[in-house]
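Scroll down for the structure; my scribbles are underneath it.
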Amino acid sequence: MTSIPESERVIIFDTTLRDGEQSPGASMNLEEKMRIALMLEAMGVDVIEAGFPIASNGDFEAVNEIAKVVKDSIVCGLARAGAKDVDRAAEALRPAARKRIHTFIATSALHMKFKLQMTPEEVHQAVQDSVTRARNHVDDVEWSCEDGTRSERDFLCRVIETAIKAGATTINVPDTVGYTIPSEYTSLIEEIRNRVPNIDKARISVHCHNDLGLAVANSLAGVAAGARQVECTINGLGERAGNAALEEIVMALRTRRDVIPYATNIRTENITKISRLVSTITGFAVQPNKAIVGANAFAHEAGIHQDGMLKNAQTYEIMTPESVGLTESNLVLGKHSGRHAFRKKLNELGFELGDNAVQDVFRRFKDLADKKKEVFDEDIIALVDDEVRTNDQIRFVALQVVAGSRGPQTADLELEIDGVVKSTHATGDGPVDATFNAIKALFPHTANLQLYQVHAVTKGTDAQAEVTVRLEENGKSVNGQGADTDTLVASARAYINALNKLLVKRQKTAPAAMSA
Ligand code: KIV
Ligand code: ZN
């Protein structure tokens, strides 16, 4: 999109796949990262931070694969100040049509002394070296002063000047620990603009954490003070209290352009869809009263509000549900719909499946249409999510459960493990426990259940249940999803999905984990 003049544009830098993924329990596999990256690109995100290539082989692979397919957005990889980090990021980004290396080092006295155990002069030198090295690989280099908001300002201005001289084109000023407040952040960005002599050669970026609930307010204060890039995540995903939420930044800029006269390239109609995708993949539910994407964000139930809304929607609605893509669910297909219409629908929803996969999903769709009066887009998405796991070692076959108040609750389960169908009978404290015990009996493992979450894909008692299960083994955690009109079948599918992911993780050897 080119309609917004550059001077009025705020670049949206999404870090869901890097800073968001650092949130404990939010780890995603390659296929999941790819789906999110493609959706970020489709919604017009300018820069996608796809990962931290030196952190693990999985991170490297994700950045590398995303770099191969994303064409419109800039693909970015994170690197600490060391040469190996920068080179590894460059290697991962090699296939990208548009690429950026994002290198960082801490600049606060506290971090330099205790974390880095480096003197300010050593840090200063590292800035010069890392940015120079990154510039030898790519033209687009971002440099971040970690813990920038708690850094001594003279030193900060000096190192920013050096980073720009060495070739940084974006200077990011993170509020790493979510400590600043809007007026202080405004004055910091203004001071940088006034004191760094070559600041006009770089774009200033803001990156705010939400420990005091101020990440979005601080980011907007930064924009008002002259920053022209905002770093954010979908649903505000991120370590501790998270990062600034992309959807809140973008909708604030769109809704209050009268007082913050800048715009983004984001197609806001995609917001609801991507919020749901990120929530389903990570198992991080969106709170009902969350701004923009919470289930109640556009619900006007109080009688007085409803009355006003009926007379004129603007009485209580500052933005429309349609502007964030919240429309009545599309009724898609019924049980008489044919394979051709079904395939067309899959394509409209962005799925490119092979013939066999289409056949399998179509069979499940017919079963679903038999049970459920109306089948919506969301139902199809949940079915495909569930079905496209082709290389799974463990596959669900059948489940019969006895539930209710007169125990014991029991589960009879059939699974296909390495191509062999096995069955068992198990009891438990309730039907879900019995089901999970049956899985453990058929496939013994030591992983701990960390999260069990159910949500209805659409409205009504015949809605499909979408279940998320988080399993942890040796410090590694994975999220599994499963969908079905039967909550227990969905639960079994979700647990099995998580187990399959854990098995893939076990096979991959990764170097020591690191954090940014
Ligand atoms: O919060 C932070 O300081 C970061 C940097 C790596 C940019 O995430
Ligand atoms: Zn961060």
Side-chain angles (χ1 to χ4, degrees), residues 11-24 26-27 47-56 59 63 74-82 85-86 88-89 92 100-112 114-116 123 126-127 130-131 134 140-151 155-156 159-160 163 168-180 185 188-189 192 202-216 218-219 222 227 229-246 249 513-516:
I11 301 281
I12 294 296
F13 175 116
D14 180 276
T15 183
T16 306
L17 299 176
R18 198 279 298 170
D19 222 352
E21 208 223 4
Q22 276 176 219
S23 182
S27 71
V47 186
I48 300 173
E49 188 163 53
F52 188 7
I54 203 158
S56 70
D59 254 48
V63 176
I74 295 171
V75 181
C76 175
L78 185 69
R80 290 169 304 183
D85 275 53
V86 172
R88 190 82 174 136
R100 173 180 297 186
I101 295 178
H102 175 191
T103 180
F104 74 99
I105 192 165
T107 50
S108 66
L110 199 65
H111 277 230
M112 288 191 289
F114 294 103
K115 187 180 88 168
L116 299 175
V123 167
V127 173
S130 57
V131 175
D140 185 348
V141 173
E142 172 168 334
W143 178 74
S144 284
C145 41
E146 190 189 8
D147 207 18
T149 51
R150 294 194 300 170
S151 300
F155 179 66
L156 192 60
V159 285
I160 291 176
T169 44
T170 300
I171 296 294
N172 183 39
V173 187
D175 183 30
T176 305
V177 291
Y179 179 71
T180 199
Y185 203 44
L188 174 60
I189 302 296
I192 291 169
R203 185 185 298 270
I204 299 179
S205 165
V206 289
H207 175 117
C208 297
H209 282 264
N210 204 29
D211 299 67
L212 293 173
L214 292 171
V216 170
N218 286 333
S219 303
Q229 173 177 286
V230 177
E231 303 198 351
C232 44
T233 59
I234 302 295
N235 298 339
L237 188 69
E239 262 180 291
R240 309 185 308 277
N243 290 55
L246 179 146
I249 301 278
M514 349 173 128
S515 67

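Only a predicted model underlies this, so the values are computations on that prediction, with no experimental measurement involved. In listed order, ligands and their atoms are each counted from 1.
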Backbone, side chain, both or neither: what part of Gln22 comes under 4.0 angstrom of ligand 1, heavy atoms only?
neither
Please classify the His102 to ligand 1 contact at 4.0 Å (heavy-atom distances, strictly less than): side chain, backbone, both or neither.
side chain
Residue pair Thr149 / Thr180, side-chain donor-acceptor N/O under 3.5 Å
no
Would you call Arg150-Asp147 a salt bridge at under 4.0 Å N-O?
yes
Using 4.0 Å as the upper bound for N to carboxylate O, is an ion pair formed by Glu146 and Lys115?
yes
Which is closest to atom 4 (C) of ligand 1 in terms of heavy atoms, Arg80, His207, Glu146?
His207
Between the candidates Thr149, Val177, Thr176, which shows the shortest non-hydrogen contact distance to atom 2 (C) of ligand 1?
Thr176
Which of the ligand 1 atoms, numbered from 1, are nearer than 4.0 Å to a heavy atom of Asp19
8 (O)
Which atoms of ligand 1 have any heavy atom of His209 under 4.0 Å away?
1 (O)
Check all N, O or S atoms of Asp19 and name the one closest to the Zn ion (ligand 2).
OD2
Heavy atom of Glu231 under 4.0 Å from ligand 1?
no
Nearest-0.5 Å distance, OG1 of residue Thr169 to CD of residue Gln229
9.5 Å
Interatomic distance, Asp19 atom CG to Leu17 atom CG [nearest 0.5 angstrom]:
11.0 Å
Give me the one residue out of Asn243, Thr15, Asn172 that meets side-chain hydrogen bond (donor to acceptor under 3.5 Å, both in side chains) with Glu231.
Asn172
